[in-house]
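In what follows, chains carry the letters A, B, and so on, assigned in the order in which the sequence lines appear, proteins first and then strands, with residues in each chain numbered from 1. All values reported here derive from a predicted model rather than from experimental measurement.
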Protein chains: 2
Amino acid sequence: MLKDIIDNNENYQPGLSIDCVIFGFHDNQLKVLLIKVERANKWSLPGGFIPVDQDIDTAAITVLNSRTGVDGVFLRQFATFGKVDRNKQHFDKKTLEYLKIEEAKGKWLMRRFVTIGYYALVDFSKILPNPIGRYEIVEWIDHKEVPELILDHREILDKALDTLRTELNLMPIGYNLLPEKFTIPELQKLYETILDKKLDRRNFLRKITNIGILTKLDEKKSNVAHKAPNLYSFDKEKYDEVLKNGLNQGW
Amino acid sequence: MLKDIIDNNENYQPGLSIDCVIFGFHDNQLKVLLIKVERANKWSLPGGFIPVDQDIDTAAITVLNSRTGVDGVFLRQFATFGKVDRNKQHFDKKTLEYLKIEEAKGKWLMRRFVTIGYYALVDFSKILPNPIGRYEIVEWIDHKEVPELILDHREILDKALDTLRTELNLMPIGYNLLPEKFTIPELQKLYETILDKKLDRRNFLRKITNIGILTKLDEKKSNVAHKAPNLYSFDKEKYDEVLKNGLNQGW
DNA sequence: ATTACATTGCGTCATAATAACACATTAACG
DNA sequence: CGTTAATGTGTTATTATGACGCAATGTAAT
């Protein structure tokens, strides 16, 4: 991958990259898909470069798809990061030597890269994290236990989560993060996890059902301790409508 | 400006630009600062390039400042635009010939540029639109009467307005768009203009004052037809607090 | 079997926010 | 000096929200 880009850097948008914050939900935890290259001791967000003949949104889809195998999911640009020194230490001379990249060829890697941040919401159960090459580790990590990340990836992740929190007030969420059938308590946990605060069960039920995007199924969750909760699914049509028009108009 | 960039394109971030949507409010109209180069028959958003030794936010401030003379105002990144063909027609061979740019030197201008969009809110009365060079026309234009724009600038403008509308529900607005002293009806007109819908006077007053960011002055607007409205100012401290914490939490 | 217990489902009530509207007040103007 | 077109203040009905109570349900311990 990197070799391809170095040998053919004319084919890629110079000085630009894409980084994806891929969110999943599992075990009542909001997880983030992170990548570790064996030689490094820090993790990073899955990212990539932009072919000159692709829209940036298309390039983002490619990044997401190459790591998760899924497409057609929720993927949204949220911010672009371009501090002067954001990748100063990343591709320095030492690293180039380590990677056996000729200095002339790798010089452009040492310049400042501006990166466009996208965040994705995916169904954890449908994803098989996909390492590219032998030396790469791809893992879901609880967003509360994210280790040190390279460059400004921590800032990017924080901003993504912040955006998600804000957009939670403007749009419905869950369709892309939960399996097809789910319970209200599960959906509530998702909200609580993202917002990092407790919500009242009863008020949550009222508010979420009032939106009119849920279909109550004639089926209960099985194999659970205590009272079996009812299963729900999203009414895709109404969900998409609300997603388009937004909720909580305000004015 | 362009000549400087062509001669020293090593000093600028390649393939990247910045475009600013600068909003002002005057005569009950939401105005946008647009630029027309004499040779062209289309208008464009004020934009610029990114020096390799500057943060992108800093470069955006520079663009805003060079056209308006103001700084320290509200300036916010809202989206990045990078469709493959977004500047296909802009710097084609013909244009390079017209501008007397050698093809070798101008070649990089013909490639796809990705542009980072910022929007600014400024006090109309404090701005003297500032043309750079003799052949440039800078003008405030009512957002409802914006003529044809170059490239995808129409899309950028629309997205900026859309973002502003959404953020109106999340933050207070007006401090940067209105003069120091203003009336409630003026503030309401601002909201109505941005949202493009009528609001009820009495409900607006209640809601806006309940936010707790307004100071009622012991002074009335003079020289007005009909009953003289009271003057208000923003309580900067409380305003900034709300701006930071947001309003309409939702969940 | 019976009981304890954690969790779900449904409901209540007080309070706050919102939408729709009535009426008095003010200043310019003919 | 009354008309007119604004502003300022208040009222009411409806809806949304926040804080709870209590019964129902299924698991697990006795």
Side-chain angles (χ1 to χ4, degrees), chain A residues 27-28 168-172 174 178-179 181-193 195-233 242 245-251, chain B residues 27-28 168-172 174 178-179 181-193 195-233 242 245-251:
Chain A
D27 276 347
N28 289 338
L168 213 54
N169 295 323
L170 306 172
M171 66 183 192
L178 295 175
K181 297 174 181 182
F182 55 90
T183 68
I184 298 289
E186 279 166 2
L187 184 55
Q188 182 180 340
K189 288 275 163 43
L190 172 60
Y191 271 76
E192 289 182 339
T193 306
L195 295 169
D196 196 25
K197 77 174 173 198
K198 276 265 162 212
L199 301 173
D200 183 274
R201 267 186 326 116
R202 298 149 281 192
N203 295 335
F204 180 81
L205 172 66
R206 189 182 34 194
K207 200 165 167 181
I208 206 81
T209 49
N210 272 347
I211 297 175
I213 52 172
L214 293 177
T215 307
K216 189 172 181 172
L217 303 176
D218 199 18
E219 198 175 345
K220 282 170 193 292
K221 182 127 182 163
S222 53
N223 288 326
V224 287
H226 317 299
K227 180 170 179 177
N230 216 302
L231 284 169
Y232 285 78
S233 68
V242 176
N245 300 327
L247 36 87
N248 270 345
Q249 299 301 350
W251 289 98
Chain B
D27 276 347
N28 289 337
L168 213 54
N169 294 324
L170 305 172
M171 66 185 192
L178 295 174
K181 296 174 181 181
F182 56 90
T183 69
I184 299 289
E186 279 165 2
L187 183 55
Q188 183 180 338
K189 288 275 163 44
L190 172 59
Y191 271 74
E192 289 182 339
T193 306
L195 295 169
D196 196 26
K197 77 175 173 195
K198 276 266 163 211
L199 301 173
D200 183 275
R201 266 183 330 114
R202 298 147 283 191
N203 294 335
F204 179 81
L205 172 66
R206 181 157 30 94
K207 199 164 169 182
I208 205 81
T209 49
N210 273 346
I211 298 175
I213 53 173
L214 293 176
T215 308
K216 188 173 184 174
L217 303 176
D218 199 18
E219 198 175 346
K220 283 170 192 294
K221 183 127 181 164
S222 53
N223 288 325
V224 288
H226 319 297
K227 181 170 180 176
N230 217 301
L231 284 169
Y232 285 77
S233 69
V242 176
N245 300 328
L247 35 88
N248 270 346
Q249 299 301 352
W251 290 98

Distance col, row Ile208(B):CD1 vs Arg206(B):CZ, nearest 0.5 angstrom, shows 12.5 Å

How many angstroms lie between atom OG1 of Thr215(A) and atom CG of Asp218(A), to the nearest 0.5 angstrom?
->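 If I round to the nearest 0.5 Å, the distance is 12.5 Å.
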
Under 4.0 Å between a side-chain N/O of Lys216(A) and OP1 or OP2 of dC10(C), yes or no?
->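 Yes.
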
Want to settle it: does Lys227(B) or Ile184(A) sit nearer the 5' end of DNA chain C, counting the closest nucleotide to each?
-> Ile184(A)

Taking atom types as they are modelled, is there a donor-acceptor pair under 3.5 Å from the base of [N] to the side chain of [X]?
X         : N       : value
Arg206(A) : dG18(D) : yes
Asn210(A) : dA16(D) : no
Arg202(B) : dG8(D)  : no

Counting side-chain heavy atoms from C-beta on, which of [options] comes nearest to [X]?
X         : options                  : value
Lys207(A) : dC20(D), dT17(D), dG9(C) : dT17(D)
Pro185(B) : dT7(D), dT9(D), dA19(C)  : dT7(D)
His226(B) : dC21(C), dA6(D), dG8(D)  : dA6(D)
Pro229(A) : dT25(C), dA27(C), dG9(C) : dG9(C)
Asp200(A) : dG8(D), dG9(C), dC20(D)  : dC20(D)

Can you check whether Leu205(B)'s main-chain N or O pairs, donor with acceptor, with Gln188(B)'s side chain at less than 3.5 Å?
->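 Checked: no pair found.
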
Keeping the roles fixed (side chain from Trp251(B), backbone from Leu168(A)), state whether a donor-acceptor pair exists under 3.5 Å.
-> yes

I need the [atom1]-[atom2] distance between [X] and [N], as an integer number of Å.
X         : N       : atom1 : atom2 : value
Ile211(B) : dA16(C) : CD1   : P     : 18 Å
Leu247(B) : dA17(C) : CG    : P     : 13 Å
Leu205(B) : dA19(C) : CG    : P     : 15 Å
Phe204(A) : dA16(D) : CZ    : C1'   : 16 Å
Leu214(B) : dG8(D)  : CG    : P     : 12 Å
Asn203(A) : dC13(C) : CG    : C1'   : 12 Å
Lys221(B) : dG8(D)  : NZ    : P     : 12 Å
Gln188(B) : dT7(D)  : CD    : C1'   : 11 Å

Between Trp251(B) and Thr183(B), which is nearer to the 5' end of DNA chain D once each is assigned its nearest nucleotide?
->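 Comparing both residues, the 5'-ward one is Thr183(B).
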
Thr183(B) vs Leu231(B) side-chain heavy atoms within contact, under 4.5 Å = yes

